[in-house]
Each structure stands twice: as C-alpha cells, then as structure tokens.
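I have placed the structure first, in the form of structure tokens, so that the comments after it can refer back to it.
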Amino acid sequence: MKVLIAENELDAARKGADLIEQAVRENPACTLGLATGSSPVMMYQELARRYREEGLDFSRVHSVNLDEYVGLDGTHDQSYRYFMNTNLFDHINIDKANTYVAKGTGDVAANLKEFNEVLDRTEIEIQVLGVGPDGHLGFNEPGAYLVDGAHEETLEESTIEANKRFFASKEDVPTHAVTMGMGNIMRAKKLLMIVGGNKKEAMKKLLLDDKIDPRCPCTFLRLHRDATVILTKALADEIGYQG
Ligand code: GLP
C-alpha cells in the first residue's frame, strides 16, 4: 500500500487526479470506479479543469459507482446518481449512457441482480474510495464478516449521523443502501483512497496497525497489490503517522 502525504486538500485532489489521468491516458476506454462523499469532490473539480483546459478526454471512458441509497431516485438531490452528475459528469465529456450508478428505487433484489451483472462483466481500472468514520468502504459497514458481491446494507447509526449533514433532518437519511461488496472493490486493478474530514480512528487502524479487521473495512486496503491512500499532512500529524 502506497501512502501519499499531501500539503493540503487541493494538493491531495491533484495527486488523486494524477492517478485518474494516468489511467485514462493509458487506456482511453477504461472503466473508472467512482465514489461519492465530500472527500473526492475537489479531485472531481480538478479532473473537470483538466478536461476544460488540458483536453483530458473522457469520451470513451466508462464508469461504475460504489453505492446508492435505497429509496432515493436518481433525481433526488441526495442520491448518488445526482451527486455524480452534478459533481463530475456534467462537467466532462463522458457519455452518461456509459456511466452506471445502481438504482435506489424499485425492487431491491432486481436492482442488485443488475448491479452484480454489471460488476461481473466490468474490469475496473482504478476504484476511487472515500472512507467512513467507522472505516466503511462504499457502504460495507463494520461487522464480523464482509460480503464479496454487491448487496444491501443496513446503515450504522454512526453513518447515518455522519451523513445527516446532507439532509434536512436525520430522519430523512435512508437507513439502507446497495453497495459494491468488498470483493468487487478488491478486484479493481488499482485502488485510490482520498481521506477527507474526521477519519482519525479509521486511519489509525489502517496506517498504525497491521491487522486486517472486518470491524474496520478500510484495513483490507493493506491486502491489495496496488492501493494508494492520500491524506493531508495535518491528518498524518494528528494521528502520529510518520510515513
Ligand atoms: C458515504 C459513502 C462512502 C464515503 C463516505 C465518506 O457513507 N457511502 O463511500 O466514503 O460517505 O464520506 P465523506 O468523504 O463525505 O467523509
């Protein structure tokens, strides 16, 4: 696992964008695995700038997203489909027909069947990840075991608490989500985790310990052959990570 220490959030965004750019330039028809949450937002802005000013071409790129809330339609402003459109897809020349975010409404079993079929036929070149305060990846919540394929999860109280800032009230935060499984994530050729916000406990477990712990799913990054974690110097200092 490679750890990059960034000067600040903008530097972290640029370092992350460099890895995505490299993947797209090496294979202009690659599939990107994308993530939501506040952590990758600046990186998406940087990619949009590189598209506008430097001609980074997404016209043949495909994408698949990590997860979606159950109960939110893609037009809902807190759905992850809406997030991806407004934070990235509307600002680059990707063909939205080539982007996949699992459906949040309708029959959950049918949506998961479709999600798993998409994942089974897709080779993800690089998977972007944020991390939850409890160490979750996508919506793979801590537990006694982790799940291989796409599945439905019941959100932890701490996840609902962390994500309520995006909703009018806590009661509006969906209680369930569909998510790529840990196997889907681990099968991506490269992983890129951008760590923003208050992730001290999860980062201590990932960076200062060598346990692979399903109660802190991000620790599985240690098992991947080509994973990069980007965190700010401020956070590294705060947890006492020396590199
Ligand atoms: C949500 C998403 C995760 C994301 C996490 C952290 O729970 N399902 O994929 O990593 O939020 O979000 P943030 O980057 O806003 O801290």
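Counting convention: from 1, in listed order, for ligands and their atoms alike.
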Subject >> Worked verdict on Y69 versus F139 for ring-ring contact (aromatic ring centres under 6.0 Å, His included) >> reply: CA-CA 9 Å; Y69 285 117; F139 273 122; 5.5 Å; yes
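- Considering only heavy atoms from C-beta on, F115 stays 4.5 Å or farther from N111 through its side chain.
- A salt bridge links E238 with K200: the distance from a Lys NZ or Arg NE/NH1/NH2 to an Asp or Glu carboxylate oxygen falls below 4.0 Å.
- Enumerated by chain and number, the residues approaching ligand 1 to less than 4.0 Å through a heavy atom are G37, S38, S39, D67, Y80, G130, V131, H136, G138, F139, N163, R165, K199.
- Sorted by first and then second residue, the pairs that involve residues 214-229 and meet side chain to side chain donor-acceptor pair (under 3.5 Å), not counting sequence neighbours, are D213-R215.
- Screening residues 3-14 for salt bridge (charged side-chain N to carboxylate O under 4.0 Å, His left out) gives D11-K15 as the qualifying pairs, with residues at least two apart or on separate chains.
- With sequence neighbours excluded, the residues satisfying salt bridge (Lys or Arg N to Asp or Glu O under 4.0 Å) with D237 are K233.
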